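Down below is the structure, laid out as structure tokens.
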Amino acid sequence: MPSYSPPLRDMQFVLHELLGSGAELAQLPPHAELDADTINQVLEEGGKFAAGVVFPLNQSGDRAGCRFDAATHSVTAPEGFRDAYRQYVEAGWPALSCDPQFGGQGLPMVLNNSFYEMLNSANQAWTMYPGLSHGAYECLHAHGTPEQQALYLPKLVSGEWTGTMCLTESHCGTDLGLLKTKALPQPDGSYRLSGSKIFISAGEHDLAANIIHLVLARLPDAPEGTKGISLFVVPKFLPDAAGQPGERNRIVCGAIEHKMGIHGNATCQINLDDAAGWLIGDPNRGLNAMFVMMNAARLGVGMQSLGLTEVAYQNAVAYARERVQGRSLTGPKEPGKPADSILVHPDVRRMLLTARAYAEGGRAFTSYVALMIDRELNHPDEDIRKAAADEVALLTPIVKAFLTDNAWIACSEALQVFGGHGYIAEWGMEQYLRDARINMIYEGTNTIQSLDLLGRKVLMDNGARLRAFGDKIKAFIDEHGADEQMSEFITPLADIAEKVSKLSMEVGMKAFMNRDEVGAAAVPYLRVVGHLVFAYFFARMARIALDKEGGGDAFYQAKLATARFYFARLLPETAMLIRQARSGSQNLMAMEESLF
């Protein structure tokens, strides 16, 4: 049976020592009084909930899956999910980082982010129910009318109601400009929506009293393409005069998908047949409003993969310690036993350190992005808010794509540590691998994230946002470049920073001549930039570890060893990736379609 222990020590290291969140939050009026003890206490209690309440349901939920009743269009979540959600609501966890105006606790995103890492390690399928609700909250908080906010936000904040986003249709995935769902205006200011959506996570379930669907649809006179999409709020039950669930709306689940992983979460086909809905934001501007939820979801998917990376690593280490097989190549390390622990084998350590490095690098990176979101939302200086927003926009596709790619690698390596046992369900590893695979696909495939990074976030502004982030890296290099102890980290960091700059310029110049060059380079390009970001944070973590390892705390010794492994074994992947990105589009586009 798998196990999970919340990585509180590393979370505290990242928040307090690496990022200096106390000083950062002190500059933000809503969080100025928050101290480290409170942060640690929330993390500790969140870890207890994740490990004690949600984690025990992970394997059973995967085995049982969700049950769909075609006669009633209802979905029953796996046994225990509803009770766990009740405990989640009663403890106030949904309100953690929400606006106090609507019943939230007003704590920072960076704290909520760490809590969600633990929930995702414990049970990704269960965590998707409240996770999507938070995205719906963000969208309505940013774009809803005062009346919509007053009606829906308190219920979403409390967790009494949950939320979804309904984008995808069977004939169009990423190309939302092709969607066909229609919205007809009514005399009372409402709309009637008809159409079908697919792949709607948490689209129907029995955890909460109501589900608030955010639905993309077209008005009768809408222009074609993405410029003709509007966003609507479509509740499962129409709120009555008292704001409680009333009449059943004409939006139902037609079926649930039978899929590779996340069996405990209902992935629904949603049918709208003259369903009542209300416009969010301006007509034909729905995609702009929905991007608030989509970006929140993309960061959330990165956290799903970080959670899986951590729990897969923990279980692989525990197995490697106990499993005795073979002898060390340098002679027996445990002569009293018939064989040594497999931890003596170099390649087992390579697999474990790969997962560990991707977990620790991902934790530092995502915590930093969450802190930048707090800055974007709350800093009193408008210029600082704008700079933070630009940085979050740049880094969001990297969080989504790089961390989900890394989780697939890490979970696969962790499964391999178990040998044949990793392929057997009772050990839990094959579930982590299956669950991790969807994260590379939904909320915009990793190719779409790569195109977004290179095409929109780098080339569209001539690299301004990338250079701004690069200036932070350069400042760190300049500060520590003369330190001999840091040379093993600073030298490769400076090298990859220079190579990213040159690669960006080269691809940009090629793209002027042939736009296919962007598509050909985008995926390896994102991974190169992802490694630049990880190298920066690992160098910063190594600086702290070097200063403190002399105190005898094994934590800093391990942090330094992990950083050295990352620079020696994982960062060199960029050499291959750069060659791929530079190879151009000709080798991809030359073959005639008929020859495939």
Side-chain angles (χ1 to χ4, degrees), residues 168-179 199 224-227 260 298 301 305 394-409 412 436-467 470 495-535 569-596:
T168 307
E169 300 180 5
S170 59
H171 58 280
C172 66
T174 300
D175 192 354
L176 293 172
L178 299 175
L179 70 81
F199 301 157
E224 294 183 1
T226 58
K227 294 182 179 180
M260 177 177 175
R298 287 167 177 174
V301 171
S305 284
L394 172 75
L395 298 177
T396 293
I398 305 172
V399 169
K400 197 282 181 181
F402 193 59
L403 266 66
T404 58
D405 281 349
N406 291 347
W408 175 250
I409 295 167
S412 182
R437 191 59 185 86
I438 186 58
N439 297 339
M440 303 160 72
I441 298 172
Y442 61 10
E443 308 311 337
T445 66
N446 286 0
T447 297
I448 293 299
Q449 305 303 319
S450 301
L451 288 167
D452 179 42
L453 173 68
L454 179 55
R456 295 182 66 244
K457 305 298 173 53
V458 175
L459 298 183
M460 193 170 286
D461 71 355
N462 294 315
R465 279 176 283 206
L466 182 62
R467 283 194 302 274
D495 178 66
I496 189 61
E498 181 180 4
K499 287 176 177 175
V500 165
S501 178
K502 290 181 177 178
L503 180 63
S504 303
M505 186 175 299
E506 180 179 338
V507 174
M509 293 298 291
K510 287 182 178 179
F512 278 118
M513 305 297 295
N514 180 2
R515 296 299 294 175
D516 273 343
E517 293 293 333
V518 175
V523 169
Y525 178 87
L526 181 142
R527 194 153 182 84
V528 171
V529 179
H531 274 297
L532 169 64
V533 174
F534 267 40
R569 287 273 182 165
L570 299 181
L571 182 62
E573 178 192 13
T574 55
M576 173 191 71
L577 294 166
I578 290 170
R579 292 192 67 174
Q580 290 175 349
R582 295 184 65 192
S583 69
S585 62
Q586 178 64 18
N587 55 73
L588 300 175
M589 307 305 292
M591 184 183 290
E592 294 292 335
E593 291 183 13
S594 62
L595 298 178
F596 277 92

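What you see is a predicted model, and the numbers here were worked out from it, not measured in a lab.
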Discussion item. Taking atom CD as the centre, does Gln586 end up with more than 12 heavy-atom neighbours from other residues, nucleotides or ligands that are less than 6.0 angstrom away?
Written reply: no

Discussion item. Just checking Met505: does its CE atom have more than 12 heavy atoms from other residues, nucleotides or ligands closer to it than 6.0 angstrom?
Written reply: no

Discussion item. Rounded at 0.5 Å granularity, tell me how far CZ in Phe199 sits from CD1 in Ile441.
Written reply: 9.0 Å

Worksheet item: Hey, what do you get for CD1 (Ile496) to CZ (Phe534), rounding to the nearest 0.5 Å?
Response: 14.0 Å

Item to complete: Give a yes or no answer on whether the side chain of Ser412 reaches the backbone of Ile409 with a donor-acceptor pair at less than 3.5 Å.
Response: no

Discussion item. Just so I know, are the side chains of Leu595 and Glu592 near enough to count as touching, which here means a heavy-atom distance under 4.5 Å?
Written reply: yes

Fill in: Shortest non-hydrogen separation from Gly584 to Ala520 and the atoms involved
O-CB, 3.8 Å

Worksheet item: Which atoms form the tightest heavy-atom contact between Gly508 and Leu459, and what is the distance?
Response: CA-CD2, 3.6 Å

Worksheet item: Got a sec, which pairs hit salt bridge (charged side-chain N to carboxylate O under 4.0 Å, His left out) with one end in residues 574-591, sequence neighbours left out?
Response: Glu506-Arg582

Item to complete: Verify the distance criterion only: is there a donor paired with an acceptor across the side chains of Tyr442 and Thr168 at less than 3.5 Å?
Response: no

Practice prompt. Say whether, by atom type as modelled, one donor and one acceptor occur between the side chain of Ser501 and the main chain of Glu498 under 3.5 angstrom.
Written response: no

Worksheet item: Just by distance, do the side chain of His531 and the backbone of Glu573 share a donor-acceptor pair under 3.5 Å?
Response: no

Discussion item. Checking the side chain of Thr445 only, and the main-chain atoms of Ile448 only, is there a donor and an acceptor separated by less than 3.5 Å?
Written reply: yes

Worksheet entry | Minimum side-chain heavy-atom gap Thr404-Val301 below 4.5 Å | yes

Item to complete: For Gly444 and Lys400, work out which heavy atoms get closest and say how close.
Response: O-NZ, 2.9 Å

Worksheet item: Is there a donor-acceptor contact under 3.5 Å linking the side chains of Arg527 and Asn446?
Response: no

Worksheet item: What distance do Ser585 atom OG and Met513 atom CE have between them, rounded to the nearest 0.5 Å?
Response: 12.0 Å

Discussion item. Just verifying a value: how many Å separate Asn462 CG and Met460 CE, rounded to the nearest 0.5 Å?
Written reply: 10.5 Å

Worksheet item: Is the side chain of Arg298 donor-acceptor paired with the backbone N or O of Glu443 at a distance under 3.5 Å, no angle test?
Response: yes

Practice prompt. Evaluate the side-chain proximity of Pro397 to Lys457: yes if any heavy-atom separation is below 4.5 Å, no if none is.
Written response: yes

Fill in: Minimal non-hydrogen separation, Leu394 against Leu466, with atom names
CD2-CA, 4.0 Å

Fill in: Closest non-hydrogen atom pair between Leu454 and Val518, with its separation
CD2-O, 3.7 Å

Item to complete: Nearest 0.5 Å please: distance from the OG atom of Ser583 over to the CD atom of Glu517.
Response: 8.5 Å

Fill in: Any donor-acceptor N/O pair, Glu224 side chain to Leu178 backbone, under 3.5 Å
no

Worksheet item: Can you check whether Arg456's main-chain N or O pairs, donor with acceptor, with Asp452's side chain at less than 3.5 Å?
Response: no

Worksheet item: Between atom CG of Asn439 and atom OG of Ser305, what is the distance when rounded to the nearest 0.5 Å?
Response: 3.5 Å

Worksheet item: In terms of heavy-atom contacts, does CE of Met589 have more than 12 from other residues, nucleotides or ligands at under 6.0 Å?
Response: no

Discussion item. What I'd like to find out is whether the side chain of Ile578 reaches to under 4.5 Å of the side chain of Lys499, using heavy atoms alone.
Written reply: yes

